[in-house]
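On a predicted model such as this, the values are computed, not experimentally measured, just so you know.
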Amino acid sequence: QVQLVETGGGLVQAGGSLRLSCAASGSIISINSMGWGRQTAGNQRELVAAIHRGGETDYVNSVKGRFTVSRDNAKNTVYLQMNSLKPEDTAVYYCYVEALTGPYQKDYWGQGTQVTVSS
């Protein structure tokens with residue numbers, strides 16, 4: 001099983017920055033992709049950023065140029081650097097890892113960390 005510990009959420013003013021971290025642990029054989037999603041009340045979870053095994057990254061259009069996803073494979077950790085934050089970025093942010101722990105590879109999600117951006 002995989003456990004994810006997310007840190008770095010909080011309250012910031014518009015235009016500010018925040019850095020999220022997520023460390024994965026457990027019986028992990030290997031990790032393919034890692035990344036972040038976010039969700040507001042009453043809405044579906046939206047994929048925000050992903051970083052794949054070879055370092056390729058993907059971002060939702062609304063955060064391109066402002067957010068940067070990175071990973072430290074030695075620490076099984078994924079980061080999300082968020083700059084120029086906007087009120088519409090307010091959401092619960094969830095990290096995920098696509099991990100192999102047995103015969104199958106699947107996505108594991110963290111419990112989420114609240115990010116609130118004030119006007």
Against E98, only a single residue in M34, K106, R53, Q105 fulfils side-chain contact (heavy atoms from CB on, under 4.5 Å); can you say which?
Q105
Is there any disulfide (SG to SG under 2.5 Å) pair reaching into residues 47-87, and which pairs are they, with sequence neighbours excluded?
none
Which pairs count as disulfide (SG to SG under 2.5 Å) when at least one residue sits in residues 25-74, sequence neighbours excluded?
none
Let me confirm one number: the OG1-CD1 distance from T101 to I29, rounded to the nearest 0.5 Å.
6.5 Å
Remaining members of Y96's ILVMFWY cluster at a side-chain heavy-atom cut-off under 4.5 Å?
L47, V92, Y94, W109
Considering only heavy atoms from C-beta outward, does the side chain of R38 approach that of V63 to under 4.5 Å?
yes
Residues which pass side chain to side chain contact (heavy atoms under 4.5 Å, CB included) with K86, listed by chain and number, not counting sequence neighbours:
R66, E88, D89
Side-chain donor/acceptor pairs under 3.5 Å, residues 3-20, sequence neighbours excluded:
{"from": "E6", "atom 1": "OE1", "to": "Q111", "atom 2": "N", "distance (Å)": "3.3"}
{"from": "E6", "atom 1": "OE1", "to": "G112", "atom 2": "N", "distance (Å)": "2.5"}
{"from": "E6", "atom 1": "OE2", "to": "C95", "atom 2": "N", "distance (Å)": "2.6"}
{"from": "S17", "atom 1": "OG", "to": "N83", "atom 2": "OD1", "distance (Å)": "2.9"}

Would you kindly confirm whether I31 and W36 end up in one hydrophobic cluster when ILVMFWY residues are joined by side chain heavy atoms under 4.5 Å apart?
yes
Quiz: residues 68-78 side-chain donor-acceptor pairs under 3.5 angstrom, not counting sequence neighbours:
{"from": "R71", "atom 1": "NE", "to": "N73", "atom 2": "OD1", "distance (Å)": "2.7"}
{"from": "R71", "atom 1": "NH1", "to": "N32", "atom 2": "O", "distance (Å)": "2.8"}
{"from": "R71", "atom 1": "NH1", "to": "I51", "atom 2": "O", "distance (Å)": "3.2"}
{"from": "R71", "atom 1": "NH1", "to": "H52", "atom 2": "O", "distance (Å)": "3.2"}
{"from": "R71", "atom 1": "NH2", "to": "N32", "atom 2": "O", "distance (Å)": "3.2"}
{"from": "R71", "atom 1": "NH2", "to": "N73", "atom 2": "OD1", "distance (Å)": "3.2"}
{"from": "D72", "atom 1": "OD1", "to": "A74", "atom 2": "N", "distance (Å)": "3.1"}
{"from": "D72", "atom 1": "OD1", "to": "K75", "atom 2": "N", "distance (Å)": "3.4"}
{"from": "T77", "atom 1": "OG1", "to": "K75", "atom 2": "O", "distance (Å)": "2.9"}

So which atom in I28 and which in A24 form the shortest heavy-atom distance, rounded to 0.1 Å?
CD1-CB, 4.0 Å
For A99 and Y108 the tightest heavy-atom approach is O-CE1, 3.9 Å
